[in-house]
Amino acid sequence: MELSALHANQPDYRKLVAQYGSPLLVLDGDAVRKQFLSLQQALPGVALHYALKPLPHEAVVAVLKELDGYFDLATNGEVDLVRDVGVDPERCIHSHPIKRDSDIRYALEYGCTTFVVDNIVELQKFVAYKHDTKLLLRVSFRNPDTKIDLSKKFGCRQEEALGLLKEAQALGLNVIGLSFHVGSQAVNPMRHSNAIAACREIIENAKQAGIHLSTLDIGGGFPVSYDNKAFDIVEYCTPIRAELAKLPSNIRVLAEPGRYICAPAVTAISSVMGIAERGDQTWYYLDDGVYGSYSGQIYDHMVYPLSFPYAAGEPKLSVLSGPTCDSIDVIREDIMLPPLAVGELVIGHVMGAYTWASATEFNFFRKANFVVVNGPEGCKAEVAA
Ligand SMILES: *Cc1c(COP(=O)(O)O)cnc(C)c1O
């Protein structure tokens with residue numbers, strides 16, 4: 001691992017831990033800004049709705065609000081979060097394809113009026129709200145080579161789309177367009193561009209049938225680098241821009257980036273609680289693990305770059321373990337590490353997406369605290385549980 005690149009502009013972790021405790025998540029508002037602006041540059045004219053799911057944190061929402069961002073909500077808790085930050089509900093869509101009637105009402109009471117549907121049962125739920133709602137029909141594009149294939153669980157088949165659009169029309173519903181999600185951390189941009197091409201065809205067929213769609217939501221899935229290699233989002237989006245350019249000019253395009261916006265914005269600091277020599281390996285027990293901030297190693301299938309800024313000495317075969325009494329709670333095995341002392345800090349990078357969001361408090365090990373640096377206007381470095 002190239003530690004030098006990781007160390008550029010790094011905060012004084014020891015000072016932060018002395019002040020705010022360990023384990024600690026450092027959320028850098030500037031990184032959120034940088035990610036949002038670079039994706040905007042890569043997808044000009046596309047309205048970027050930050051999907052809250054990977055990191056539902058108010059500082060991220062507040063920073064994006066300052067940049068005139070849009071938001072993608074899926075649950076009542078996410079509605080509460082954007083409402084509390086003072087986001088204009090017209091800048092939000094609700095993209096969970098399956099909702100209870102009470103969830104629809106909750107979002108409507110806030111003022112969010114655009115929803116996603118993907119089947120007839122869900123369409124029928126909107127008959128009661130047909131004058132107050134706009135709908136996007138989610139179409140499925142299977143992506144078996146991503147570890148997170150969201151089109152297995154959600155989205156109608158492409159062949160079903162026109163039939164559902166006609167049923168919606170017959171029910172008097174206001175379907176304004178299509179949406180999809182090609183799967184998270186989609187390293188191949190052809191996933192997006194092929195899906196856009198297929199949606200263009202559906203939009204054309206719908207037009208032939210007298211159904212005029214105005215909106216295409218190209219979802220999330222924009223990837224980040226987890227191996228400390230440079231990644232150019234403008235270059236990545238080249239085939240996506242090419243395909244978007246072929247859409248009729250009246251089509252409004254939106255996207256729902258989650259991971260891309262927040263993943264690089266969080267650094268996880270944990271401390272060595274204990275050390276044991278077992279067999280030929282040195283075991284280091286940290287105060288954060290796969291039941292905590294490293295939960296993404298289980299649920300999101302990602303492995304985060306680690307650094308050991310204060311360690312020195314002869315590297316030795318080692319294990320980095322989480323704090324709980326469960327044997328699955330191991331962050332990394334068989335790695336060569338310089339000796340670490342009790343209390344020494346271990347740093348996890350690119351840990352903003354699907355980490356704290358899915359952390360548990362198993363064994364009563366509390367979730368890591370946040371400290372926000374370079375946060376929204378008027379917010380000094382601030383801790384929030
Ligand atoms: C999870 C999710 C997103 C965000 O996906 P990323 O891969 O993190 O960009 C966007 N839209 C929907 C509907 C989602 O479920």
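Keep in mind that what you see is a predicted model, and the values were worked out from it rather than measured. For reference, positions follow the sequence shown, starting with 1. For ligands, and for the atoms within them, numbers begin at 1 and follow the listed sequence.
For ligand 1, the atoms lying closer than 4.0 Å to a non-hydrogen atom of S184 are 6 (P), 7 (O), 8 (O). Heavy-atom contacts of G220 reach the following atoms of ligand 1: 9 (O) (cutoff under 4.0 Å). Heavy-atom contacts of A51 reach the following atoms of ligand 1: 3 (C), 4 (C), 10 (C) (cutoff under 4.0 Å). Atom numbering of ligand 1 starts at 1 in the shown order; those under 4.0 Å from a heavy atom of S95 are 13 (C). Per-residue contacts place R259 under 4.0 angstrom from the following atoms of ligand 1 (heavy atoms of the residue considered): 6 (P), 8 (O), 9 (O). Close contacts between ligand 1 and E256 involve ligand atoms 3 (C), 4 (C), 9 (O), 10 (C), 11 (N), 12 (C), 13 (C) [criterion: under 4.0 Å to a heavy atom].
Heavy atoms of H181 found under 4.0 angstrom from ligand 1 belong exclusively to the side chain. Under 4.0 angstrom from ligand 1, the non-hydrogen atoms of D72 all belong to its side chain.
Between Y260 and ligand 1, not a single N/O pair is under 3.5 Å apart. Checked by distance only, ligand 1 and Y354 come closer than 3.5 Å through their nitrogen or oxygen atoms. Among the atoms of G258, some N or O lies under 3.5 angstrom from an N or O of ligand 1. Ligand 1 has no N or O atom lying under 3.5 Å from any N or O atom of R138, backbone or side chain.
Look at R200 and E243 and you find a salt bridge, because one of the NZ, NE, NH1 or NH2 atoms lies within 4.0 Å of a carboxylate O, short of that distance.
A cation-pi geometry, defined here as NZ or CZ lying under 6.0 Å from the six-membered ring centre and within 45° of its normal, holds between R91 and Y70.
Within the 4.0 Å heavy-atom cutoff, G221 counts among the residues contacting ligand 1. Ligand 1 lies nowhere less than 4.0 angstrom from a heavy atom belonging to H96. Put simply, no part of F154 is less than 4.0 Å from ligand 1, judged by heavy atoms.
The main-chain N or O of A42 is found under 3.5 Å from a side-chain atom of R241 such that the two form a donor-acceptor pair.
With hydrogens and angles left out, the side-chain atoms of Y260 and S38 include a donor and acceptor closer than 3.5 Å. Side-chain contact of R157 with S140: a donor-acceptor pair under 3.5 Å is absent, judged by distance alone. For the 3.5 Å distance criterion, the side chains of E160 and N119 fail to qualify, holding no donor opposite an acceptor. With hydrogens and angles left out, the side-chain atoms of D227 and Y304 include no donor and acceptor closer than 3.5 Å.
Taking D326 as the reference, Y291, T324, I328, F362 meet the side chain to side chain contact (heavy atoms under 4.5 Å, CB included) condition, with sequence neighbours excluded. Residues that satisfy the salt bridge (charged side-chain N to carboxylate O under 4.0 Å, His left out) test with R100, not counting sequence neighbours, are D103.
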Test log, rule ring pair (Phe, Tyr, Trp, His ring centres under 6.0 Å), inputs H94 and F115 = CA-CA 5 Å; H94 191 296; F115 294 85; 5.4 Å; yes
